[in-house]
Amino acid sequence: MAETRKSIVNSPAGGWGALNATEAHLARQEILVRGNRALLSMNKPGGFDCPSCAWPDPRKPHTFEYCENGAKAVAWEATRKRATPEFFAAHTVTELSGWTDHAIEDVGRLTEPMRYNSATDKYERASWGEAFAAIGAELRALDPRRIELYTSGRTSNEAAFLYQTFGRLLGTNNFPDCSNMCHETTTVALPESIGVGKGTVDLDDFEDCDAIFIFGQNPGTNSPRMLGYLHDMAKRGVPIVTFNPLKERGLIAFANPQNAVEMLTGGGQKISSQYFQLRVGGDIAAVQGICKAVLAAAESSTGSKRILDEAFIAQHTHGFQAFATYLRNLPWERLEHYSGLCRADMETAADIYMKAERVIACWGMGITQHRRGGDAMQQIMNLLFLRGNVGRKGAGACPIRGHSNVQGDRTVGIYQKPKEPFLRRMDDVFGFNSSREPGHDVAQCCEAILRHEVDAFISMGGNFFRAIPDNARVAAEVPRLRLTVYVATKPNLSHMTHGLSSWLLPCLGRTERDVQNGQVQTITIEDSFSMVHGSVGLLEPARPHLRSEIDIVCGLARAAVADRAAIDWDAFVNDYSLIRDKIEAVFPDQFNNYNARIAQPGGFRLPNGARERKWDTPTGRANFLFKDGLIDADDDAPEAPHLQLITLRSHDQFNTTVYSNDDRYRGVRGERMVVFMNARDISALGLQEGAMIEFATVWHDDIDRRLGGFRVVAFDIPPGCCAAYYPETNGLLPLAHRDERSNTPAAKSVPVRITAVAPGEPVAADGGVAEHGRARETDPTSVPLA
Ligand SMILES: Nc1nc2c(c(=O)[nH]1)N[C@H]1C(S)=C(S)[C@@H](COP(=O)(O)OP(=O)(O)OC[C@H]3O[C@@H](n4cnc5c(=O)[nH]c(N)nc54)[C@H](O)[C@@H]3O)O[C@H]1N2
Ligand SMILES: Nc1nc2c(c(=O)[nH]1)N[C@H]1C(S)=C(S)[C@@H](COP(=O)(O)OP(=O)(O)OC[C@H]3O[C@@H](n4cnc5c(=O)[nH]c(N)nc54)[C@H](O)[C@@H]3O)O[C@H]1N2
Ligand SMILES: [Mo]
């Protein structure tokens with residue numbers, strides 16, 4: 001068993017394993033032919049945008065412009081399985097709330113509106129008319145400040161724009177969004193550095209760069225199409241410098257399924273030229289160490305080649321001298337202690353950085369989901385500034401977003417702190433007065449629920465009550481809400497967390513043909529690189545006449561806010577290009593000529609000042625930012641016997657959607673209740689591989705956060721930290737443990753104590769939204785991959 005696991009973990013990512021897994025997933029959803037046809041039209045002009053991650057589409061796509069995990073996402077949506085009214089008639093909500101995340105979604109696609117009936121404790125069939133009338137009547141009677149409108153990032157620009165219009169007509173700015181748990185750190189901290197909260201690179205820059213630094217991101221699983229680029233870069237000899245506590249297989253080696261030789265020989269391309277296994281949260285110190293080494297080299301350099309881009313620093317930046325002084329005084333021992341790297345490592349990275357003419361820095365959740373995530377991100381920007389690596393070909397900042405349209409949703413107005421010029425335009429375009437009161441993000445929404453200050457929760461996709469921190473605690477208060485409304489493709493455990501009245505509203509997925517008024521409609525998406533392009537569904541809808549998200553939002557608006565502005569909601573449903581006209585009217589600088597420009601191949605790029613070295617910051621320049629004493633103030637350092645728990649994704653999940661219980665790249669099969677630990681910690685705690693443990697969060701409040709039933713797996717991870725899957729571990733994550741500026745939950749460093757549980761001893765179960773104290777049943781439907 002150990003041997004097999006070792007050989008699996010040591011072989012390259014991708015390759016035949018990826019192809020076999022794709023086939024298996026399609027077969028399991030009973031859609032071999034249908035799915036394959038869908039896959040061929042994915043991420044191509046005239047086809048649909050992959051519903052999985054936010055990696056951009058190339059202008060000239062390959063025949064197989066899809067990846068294993070994109071294929072899983074399509075298979076999952078295009079499944080033949082259905083969650084029918086008959087299914088709901090056979091199961092009470094109390095029973096369903098004890099199912100696993102996998103089992104509940106695997107029931108299949110929702111087909112009809114369902115209304116919760118408290119007398120039977122079941123969801124029961126209702127008509128669309130009943131649903132809209134009842135929801136509209138409830139909403140009209142409520143204080144809008146007590147209504148929350150959540151969005152998950154799969155929603156199109158058009159649906160998101162109308163959804164926020166609907167919310168603003170209701171009179172609220174409460175728009176908690178999945179990005180509040182994700183890249184909100186970037187959205188808040190990056191503008192302080194460069195004046196814009198989005199990345200500055202595009203795909204061409206990847207082809208031109210001379211070195212790439214990857215911080216806290218696992219592209220092999222979470223943006224696999226990026227691996228194709230990394231693969232080609234590695235082949236060209238471009239150094240790929242990775243900072244990650246875990247050895248992630250996709251960052252070690254990758255066999256490209258589109259490369260015949262690699263497939264036939266079973267070999268793969270080495271990806272990371274350097275792999276720095278820093279300690280969790282060690283990025284601030286590591287990057288400052290690299291900056292310190294760069295500065296020292298510049299100061300002692302006698303050669304003609306300039307190390308710092310002095311012209312850029314002088315003309316374009318602010319705060320360099322203060323940063324340089326700070327770096328000079330930073331003792332190496334402290335940098336080593338807090339980064340978990342040695343000085344030589346940081347000097348090696350600095351050397352690669354200085355030798356490369358053009359450098360891209362990427363980051364993911366390993367940076368953003370920390371108490372000081374914003375500070376870490378700003379150190380990465382400082383490093384780029386030293387050699388003018390922003391706003392020029394082949395160089396720049398590259399935050400890799402999560403959901404396929406999470407960036408677009410924010411661009412078109414899903415924002416809880418709207419700025420005055422935007423609200424003024426909304427008011428002008430639609431003829432009403434929107435509220436100026438700041439709304440809630442995810443953390444504030446959860447706090448409001450805990451304080452009993454919420455009456456209605458509406459959810460445009462997503463799985464809020466599983467994805468949030470302290471999920472069991474927050475979910476326990478939901479039964480007091482007057483109304484919960486879930487617009488979704490498939491049932492999930494949030495739907496079983498219901499208010500006094502509750503509705504499930506089924507919608508079309510992005511892969512499906514959306515015909516309105518006899519015309520096939522196009523929706524639009526913005527990827528991680530700010531490219532906006534069209535997406536047209538091709539597959540037969542899961543059920544005839546299934547409504548689109550846009551149709552549903554318009555239905556809700558007609559029922560709840562028809563009298564508040566003269567808006568022709570029907571016209572929007574009949575022709576989505578009319579919605580784009582309104583988006584253009586509200587955001588003329590970004591979306592001018594919107595309908596015409598989405599017709600061009602690859603779409604169009606939204607303006608980004610920093611890319612042109614125009615800095616929309618208070619200083620009018622790019623800012624070197626740091627906090628004095630930052631490292632000394634870091635209290636995330638592990639103190640025995642506490643460990644820092646990283647909560648992350650397996651290879652077979654998309655957020656809370658669990659495709660199967662396998663994690664091929666980490667050598668785990670058929671189970672998710674595992675904790676990855678360093679061998680030293682395993683023995684220091686008197687445990688063995690395979691032992692059962694319980695987690696307890698070490699936090700300064702008197703809430704008891706404990707979860708049991710996890711099995712120990714030895715892994716290549718530094719001592720002092722451990723890792724386990726989300727959302728099973730979300731009950732351990734305190735709501736208050738979050739990035740200081742953006743409120744992004746610090747899901748990558750939960751301080752925990754681990755104790756052994758003797759066989760047969762009762763454990764505290766994942767009470768996410770299930771009954772407390774009862775272990776979630778193991779999943780009967782998961783089949784290990786062949
Ligand atoms: N197949 C698939 N694709 C997805 C998703 C999915 O669940 N499945 N989710 C989508 C979404 S919404 C998002 S946001 C992205 C998420 O994509 P990623 O950003 O890759 O997210 P994670 O898997 O949570 O973890 C990121 C990495 O951070 C590392 N890490 C943890 N702590 C630290 C640290 O302190 N420092 C550093 N340097 N590294 C650290 C972890 O070891 C892990 O490799 O992917 C998107 N794409
Ligand atoms: N501990 C911990 N917690 C985390 C994270 C972590 O790393 N660790 N990551 C955080 C991150 S980065 C994110 S983005 C959030 C994700 O949080 P969410 O975005 O809320 O969760 P998802 O799991 O992506 O939502 C899945 C559900 O979306 C619905 N759905 C799928 N497609 C569609 C569609 O086309 N339309 C509609 N209306 N519904 C659809 C389905 O019903 C499915 O069950 O979780 C966050 N939570
Ligand atoms: Mo995300």
Side-chain angles (χ1 to χ4, degrees), residues 51-55 67-70 72-73 76-77 101 104-105 110 150-156 159 177-183 214-224 242-248 250-251 276 278-283 286 363-370 373 376 400-404 406 442 459-469 471 486-495 505-511 549 552 636 644 646-657 659 717 721 723 725-730 732-733 744-745 747-750:
S52 193
C53 76
W55 185 254
C67 69
E68 176 191 342
N69 279 341
K72 286 178 203 162
W76 196 248
E77 182 169 295
D101 296 291
I104 187 89
E105 270 204 58
L110 291 163
Y150 178 65
T151 317
S152 166
R154 217 173 259 194
T155 297
S156 64
D177 180 74
C178 73
S179 59
N180 301 146
M181 300 182 263
C182 183
H183 265 291
I214 301 177
F215 297 91
Q217 194 216 343
N218 181 20
T221 287
N222 297 322
S223 29
T242 293
F243 297 82
N244 197 315
L246 262 78
K247 272 280 173 73
E248 299 284 25
L251 286 164
F276 295 116
L278 77 186
R279 83 164 181 79
V280 177
D283 302 81
W363 65 90
M365 297 300 100
I367 291 294
T368 64
Q369 294 178 334
H370 278 296
I400 307 279
R401 303 273 160 178
H403 268 295
S404 52
V406 62
V442 165
S459 186
M460 185 51 65
N463 194 354
F464 187 86
F465 294 107
R466 286 297 280 163
I468 54 172
N471 56 3
Y486 300 100
V487 180
T489 48
K490 288 194 166 184
N492 63 41
L493 289 176
S494 288
H495 305 163
L505 304 180
C507 67
L508 284 173
R510 192 183 296 165
T511 58
E549 287 182 348
I552 293 169
D636 285 345
Q644 299 298 114
I646 300 174
T647 62
L648 42 47
R649 294 151 169 82
S650 79
H651 191 60
D652 261 9
Q653 76 182 85
F654 189 93
N655 298 338
T656 68
T657 294
Y659 302 126
I717 181 170
C721 62
Y725 301 129
Y726 121 86
E728 287 83 350
T729 45
N730 279 38
L732 295 168
L733 175 51
T744 307
K748 294 297 184 266
S749 56
V750 190

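Residues take their numbers from the sequence shown, with the count starting at 1. Both counts, for ligands and for their atoms, begin at 1 and track the order of listing. This is a predicted model, so every value here is computed, not measured.
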**Q.** Flag side-chain contact, heavy atom, 4.5 Å: Leu251 against Pro219
**A.**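 Yes. Closest side-chain heavy atoms under 4.5 Å.
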Q) Looking at ligand 2, does any of its N/O atoms fall within less than 3.5 Å of an N/O of His495? A)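 No, no N or O pair falls under 3.5 Å.
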(Q) Test of understanding: given a 4.0 Å heavy-atom threshold, classify the contact between Thr489 and ligand 2 as side chain, backbone, both, or neither. (A)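 It is both backbone and side chain that touch ligand 2.
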Q. Numbering the atoms of ligand 2 from 1, which are under 4.0 Å from a heavy atom of Tyr150?
A.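 Those qualifying, in numeric order: 17 (O), 18 (P), 19 (O), 20 (O).
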Q | pair Leu493-Asp101: side-chain heavy atoms closer than 4.5 Å | A |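 Touching, per the 4.5 Å side-chain cut-off.
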Q: Pull out every atom of ligand 2 sitting under 4.0 Å from any heavy atom of Glu549, numbered as shown with elements.
A: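 Those atoms are 34 (C), 36 (N), 37 (C), 38 (N).
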**Q.** His370 backbone acceptor or donor facing Ser749 side chain under 3.5 Å
**A.**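 Pair absent, no side-chain N/O of Ser749 close to backbone of His370.
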(Q) If the cut-off is 4.0 Å to any non-hydrogen atom of Gly461, which atoms of ligand 2 fall inside it? (A)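 So the answer, numbered in order with elements, is 37 (C), 38 (N), 39 (N).
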(Q) Measuring centre to centre across the rings, with the benzene-like ring taken for any Trp, is Tyr659 within less than 6.0 Å of His651? (A)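 Here the rings of His651 and Tyr659 have centres that are no less than 6.0 Å from each other.
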Q | Of Asn471, Thr656, Thr657, the residue whose pairing with Asn463 passes side chain to side chain donor-acceptor pair (under 3.5 Å) | A |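 For Asn463, the side chain to side chain donor-acceptor pair (under 3.5 Å) test succeeds with only one of Asn471, Thr656, Thr657, which is Thr656.
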Q. Which atoms of ligand 2 are found less than 4.0 Å from any heavy atom of Asn492?
A.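 Near Asn492, meaning under 4.0 Å from one of its heavy atoms, ligand 2 has 27 (C), 42 (O), 43 (C), 44 (O).
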Q) Which of the numbered atoms in ligand 2 are below 4.0 angstrom from a heavy atom of Asn463? A)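 Once the distances to Asn463 are compared, the set is 18 (P), 20 (O), 21 (O), 25 (O).
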Q: Give me the ring orientation class for Phe464 and Tyr150: parallel if the planes are under 30° apart, tilted from 30 to 60°, perpendicular past 60°.
A: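 If you compare the ring of Phe464 with that of Tyr150, the planes turn out perpendicular.
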Q: Keeping the roles fixed (side chain from Thr242, backbone from Ile214), state whether a donor-acceptor pair exists under 3.5 Å.
A: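 Answer holds: no.
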(Q) I need the atoms of ligand 2 closer than 4.0 Å to a non-hydrogen atom of Cys507, numbered in the order shown. (A)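 Those atoms are 36 (N), 37 (C), 38 (N).
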(Q) side-chain contact (heavy atoms from CB on, under 4.5 Å) for Asn69 and Arg649? Distances and angles first, verdict last. (A) CA-CA 12 Å; Asn69 279 341; Arg649 294 151 169 82; over 6 Å; no
Q) Contact residues of ligand 1 with a heavy-atom cut-off of under 4.0 Å? A)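 Ligand 1 is contacted, at a heavy-atom distance under 4.0 Å, by Cys53, Asn69, Cys182, Gly216, Gln217, Asn218, Thr221, Asn222, Phe243, Asn244, Pro245, Leu246, Glu248, Leu278, Val280, Gly281, Asp283, Gly364, Met365, Gly366, His370, Gly402, His403, Ile646, Leu648, Arg649, Gln653, Phe654, Asn655, Lys748.
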(Q) Show me which atoms of ligand 2 lie under 4.0 Å from any heavy atom of Glu105. (A)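 This gives 43 (C), 44 (O) as the contact atoms.
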**Q.** Gln369 and Thr744: CA distance, side-chain angles, deciding distance, side-chain contact (heavy atoms from CB on, under 4.5 Å) verdict
**A.** CA-CA 6 Å; Gln369 294 178 334; Thr744 307; 4.2 Å; yes
Q. Going from CD on Glu77 to OG1 on Thr489, what distance comes out if it is rounded to the nearest 0.5 angstrom?
A.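 These two atoms lie 6.0 Å from each other.
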